[in-house]
Amino acid sequence: MTDRPVRTRYAPSPTGNPHVGNIRSALFSWAFARARGGQFVLRIEDTDRNRYVEGAVEAIMESLRWLGIDWDEGPDIGGPHGPYFQSERLPRYREAAELLMERGRAYRCFCTPERLDALRASQAAAKQPPGYDGLCLRIDPAESAARAKDEPHVIRFAMEREGVTVLHDVVRGEVVFENALQDDFVMLKSDGFPTYHLAVVVDDTAMAISHCIRGDEWISSAPKHIQLYEALGWEQPAWAHLPLILGPDHKKLSKRSGDTALLDYRERGYLPEAMLNFLAFLGWSLDDHTTIISAEELTRHFDLARVVPNPAVFDIERLNYLNGHYIRAMDEERWVRLVAEWADRGLPASIPRPLDEAVVRAAAPLLRERVTLLEEIPGLIAFLFTYDAPEYETALLAERVGDAATAVRVLDEALVRLDAIGESEWTTAAVEAALRGLEEPLGMKLRKFIPVLYVAVMGRPTGIPLFDSAAILGRERTLARLRAARARLG
RNA sequence: GGCGCAUUCGUCUAGUGGCCUAGGACACCGCCCUCUCAAGGCGGAGAUCAGGGGUUCGAAUCCCCUAUGCGCUACCA
């Protein structure tokens, strides 16, 4: 079962933007294949024409690429087991269905959706377990074939009803299912498309998938797949059902329990390595202390044996921490590029483009320790790109020092000292020296009065370091802002 | 309702009979550092291992029962 070469796959349906839970499954499948020197396949399960969403395939590939998950075979690059769209593999499913009919393990069902609905309703009313009642199973094969010519029908799999079906799961061990409780599920729909159950078995076999790694929501249908493998006489892959990822409400992560599309996180300024690191430890661990891991290390050490069985809550705080960590860890050039990109994207249109590269470059190192999400960048440096300080409440000037009179003294003294610095000597060090010199005459610590100047210069009492900011702004703009603040106080 | 899975600090987890008076990380609190805010350093609080029975010299680790949570129960995946 596991002595085959390792081949795993990620097989999403193109029904929208992939969610983080889904991508986590892709990540584990990929990491496992890479760790074992195997292959990773991307297959698109587009068997439900009603739920197909335009652009979803592109979004799936974009999501994987963003995290650096690469595939060896797939819809875009082809491969020896193509095609990789299930909608293009219809004959294979029909072939399998027919083989099963010949073997007496499948039958046509002519029941209408209405009858099925009514059946379910009456079963529910009678507190009976829902399931097909086998009406069409009793139709004579000859009659069935005749009716099939012009009557819409599906093909159902005849589940074994005696005994039990045992799932040997890599993460959960042995799971036993009572066959008497099973249902003759539809495997080929009336439109000729297969349902997931048939398609996954046919394709995983055709594509030589060695490990079926998927979310835990699939575990209840595992007996369907196992019986299909047995009826077809094919070798099962090793099974691994991954724990679900829960939202803050402790329910399976979905649209209603918060935003979950992977790419949304990119838009908000999360780094791919932070997301990958975060996802890697949702349901898996390397050892008793590692919390930071790179894609390279993950693909070297990942092992299904260390996947835990219990569901994990998606903790955004942890993701935020990791994002900050990777921002601080990246090399200087990349950081400058990111600052430029996000500033350009988020700064008001009133600021002329292209943005002053020297300012961006000077501000970048000041931003590094203060940014958690890239989207915070514009707000922190907008004041560097305008002549005047951003709008602010005048009262803010005096807030930290207690009273307006003190704020006035601070501004007056600062103006005198700063004004004494010549245009050519205007540097961070000079500004710092001048302002530190204020402690004496003002009779208070720098930390006590400096918030006044922060507000005057950047419109807020907090932000990137003031001395550097003043240096970047230049003598004229800095003095103008201090004078403007002084004027506000009368 | 039925079936299935799960249950260690608020959260992610370590732990496979003695190394556990349960370790790490995020978040939280305090101190230090400090031009604000952060970042960083140091320290703290936080889990009677869901509850109850067993087995054993000894259990978070093995067995049984209960509770709770979640998942599935479609011609969706």
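Chain letters run A, B, ... following the sequence lines, proteins first and then strands; every chain starts at 1.
Across the protein-nucleic acid pair, A/Ile292 atom CD1 and B/rC26 atom C1' stand 10 Å apart, rounded to whole Å. Protein atom CG of A/Leu366 is 16 Å distant from nucleotide atom P of B/rC37, rounded to whole Å. Put simply, NE2 on A/His289 is 16 Å from P on B/rG23, counting in whole angstrom units. Note: CD1 (A/Ile44) to C1' (B/rC76) measures 16 Å, nearest angstrom. Between the CG atom of A/Leu466 and the C1' atom of B/rC37 there is a distance of 12 Å, rounded to whole Å. In this structure, CG of A/Asn22 is placed 13 Å from C1' of B/rC76, rounded to the nearest angstrom. If you take CG of A/Asp468 and P of B/rU36, they are 13 Å apart, rounded to a whole angstrom. B/rG4 atom C1' lies 15 Å from atom CD of A/Glu174, rounded to whole Å.
Comparing the C1' positions of B/rG1 and B/rA60 gives a spacing of 34 Å, expressed to the nearest Å. Rounded to the nearest Å, the gap between the P atom of B/rA38 and that of B/rC20 is 37 Å. Taking atom C1' on both B/rA59 and B/rG54, the two are 12 Å apart, rounded to the nearest angstrom. B/rG46 and B/rC9 are spaced 5 Å apart, taking the C1' atom of each and rounding to whole Å. Comparing B/rG10 with B/rC29, their C1' atoms sit 14 Å apart, to the nearest whole Å. For B/rC49 and B/rG71, the C1' atoms lie 25 Å apart once the distance is rounded to whole Å. When the C1' atom is compared between B/rC3 and B/rU21, the two are found 42 Å apart, to the nearest whole Å. A distance of about 13 Å separates the C1' atoms of B/rU13 and B/rA22, rounded to the whole Å.
In this structure, A/Phe302 has its ring center under 6.0 Å from that of A/Trp284. Under the 6.0 Å cut-off for aromatic ring centres, A/Tyr265 and A/Phe314 qualify, their centroids lying closer than that. Aromatic rings of A/Phe157 and A/Tyr107 (six-membered ring for Trp) have centroids beyond the 6.0 Å cut-off, not under it.
Counting non-hydrogen atoms under 4.0 angstrom, A/Phe281 reaches the backbone sugars and phosphates but no base. Counting any heavy atom pair closer than 4.0 Å across all strands shown, A/Pro194 reaches sugar-phosphate atoms only and no base atom. Note on A/Val200: nothing from the nucleic acid sits closer than 4.0 angstrom, heavy atoms only. Within 4.0 Å of A/Leu446, counting heavy atoms only, lie sugar-phosphate atoms of the nucleic acid but no base atom. At a threshold of 4.0 angstrom between heavy atoms, the contacts of A/Arg49 with the nucleic acid are absent. When heavy atoms are screened at a 4.0 angstrom cut-off, A/Ser13 is found touching the sugar-phosphate backbone but no base atom. Counting non-hydrogen atoms under 4.0 angstrom, A/Val154 reaches a base of the nucleic acid. Within 4.0 Å of A/Gly283, counting heavy atoms only, lie sugar-phosphate atoms of the nucleic acid but no base atom. If you check every strand for non-hydrogen atoms under 4.0 Å, A/Thr291 touches sugar and phosphate atoms only. Among the protein residues, A/Asn320 comes within range of no part of the nucleic acid, since none of its heavy atoms lies under 4.0 Å from any strand.
Taking every side-chain heavy atom of A/Arg400 into account, B/rU36 is the closest of B/rU36, B/rC75, B/rU11. Listed candidates were B/rU11, B/rU36, B/rC76. Nearest to the side chain of A/Asp315 is B/rU11. Distances were taken from every side-chain heavy atom of A/Arg51 (C-beta onward) to each of B/rC35, B/rU11, B/rA77; the shortest belongs to B/rA77. Listed candidates were B/rU7, B/rC35, B/rG4. Nearest to the side chain of A/Phe467 is B/rC35. For A/Thr462, the side-chain atoms get nearest to B/rU36 when compared with the rest of B/rA14, B/rC5, B/rU36. Checking B/rU36, B/rC12, B/rC76 against the side-chain heavy atoms of A/Arg447 singles out B/rU36 as nearest. Distance from the side chain of A/Leu116 is smallest to B/rC75 among B/rC5, B/rC12, B/rC75.
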Give each protein N/O atom lying under 3.5 Å from an N/O atom of nucleotides 38-42 of chain B, with the pair distance.
{"unit_1": "B/rA38", "atom_1": "O2'", "unit_2": "A/Glu369", "atom_2": "O", "d": "2.4"}
{"unit_1": "B/rA39", "atom_1": "O4'", "unit_2": "A/Glu369", "atom_2": "O", "d": "3.3"}
{"unit_1": "B/rA39", "atom_1": "O3'", "unit_2": "A/Arg328", "atom_2": "NH1", "d": "3.1"}
{"unit_1": "B/rG40", "atom_1": "OP1", "unit_2": "A/Arg328", "atom_2": "NH1", "d": "3.1"}

Is there any protein nitrogen or oxygen under 3.5 Å from a nitrogen or oxygen in nucleotides 66-73 of chain B, and what are the pairs?
{"unit_1": "B/rC70", "atom_1": "OP1", "unit_2": "A/Lys251", "atom_2": "NZ", "d": "2.7"}
{"unit_1": "B/rG71", "atom_1": "OP1", "unit_2": "A/Lys252", "atom_2": "N", "d": "3.4"}
{"unit_1": "B/rC72", "atom_1": "OP1", "unit_2": "A/Lys252", "atom_2": "NZ", "d": "3.0"}

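If you check B/rG10 for Watson-Crick or wobble pairing at under 3.5 angstrom, you find it paired to B/rC26. In a base pair of the Watson-Crick type (N1 to N3 plus N6-O4 or O6-N4) or a G-U wobble (N1-O2 and O6-N3), with each distance short of 3.5 Å, B/rG40 is matched with B/rC32. The nucleotide B/rC57 finds its pairing partner in B/rG18, both defining distances of the Watson-Crick or G-U wobble pair being shorter than 3.5 Å. The base-pairing partner of B/rC3, taking Watson-Crick or G-U wobble contacts with both distances under 3.5 Å, is B/rG71.
A donor-acceptor pair under 3.5 Å is absent between the side-chain atoms of A/Glu174 and the main chain of A/His168, judged by distance alone. A/Arg156 places no side-chain N or O within donor-acceptor distance of the main-chain N or O of A/Met187, the cut-off being under 3.5 Å.
Ring geometry for A/Trp218 versus A/His225: interplanar angle of 30 to 60°, hence tilted. Using a 30° and 60° split on the angle between ring planes, A/Tyr229 and A/Trp239 fall in the perpendicular class, above 60°.
The shortest distance between the side-chain N/O atoms of A/Thr195 and the OP1/OP2 oxygens of B/rC75 is not below 4.0 Å.
The line from CG of A/Leu64 to CD1 of A/Ile23 is 5.0 Å long, rounded to the nearest 0.5 Å.
Between A/His153 and A/Thr428, it is A/Thr428 whose nearest contact on RNA chain B lies nearer the 5' terminus. Taking for each of A/Trp284 and A/Glu317 the nucleotide of RNA chain B with the nearest heavy atom, the 5'-most of the two is the partner of A/Trp284.
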Exercise. Under the side chain to side chain donor-acceptor pair (under 3.5 Å) criterion, do A/Thr372 and A/Asn323 qualify, and how do the steps go?
Worked result: CA-CA 6 Å; A/Thr372 298; A/Asn323 213 53; over 6 Å; no
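If you check the side chains of A/Asp216 and A/His241, you find no donor sitting under 3.5 Å from an acceptor.
A cation-pi contact, defined as under 6.0 Å to the ring centre and within 45° of the axis, is absent between A/Arg268 and A/Tyr270. Judged by the 6.0 Å and 45° rule, A/Arg488 forms a cation-pi pair with A/Tyr392. The cationic atom of A/Arg43 (NZ for Lys, CZ for Arg) does not lie both less than 6.0 Å from the six-membered ring centre of A/Phe85 and within 45° of the ring axis.
Counting heavy-atom neighbours within 6.0 Å of A/Glu95 CD, excluding the residue itself, gives a total of 12 or less.
You won't find any donor-acceptor pair under 3.5 Å spanning the side chain of A/Tyr454 and the base of B/rC37, going by distance alone.
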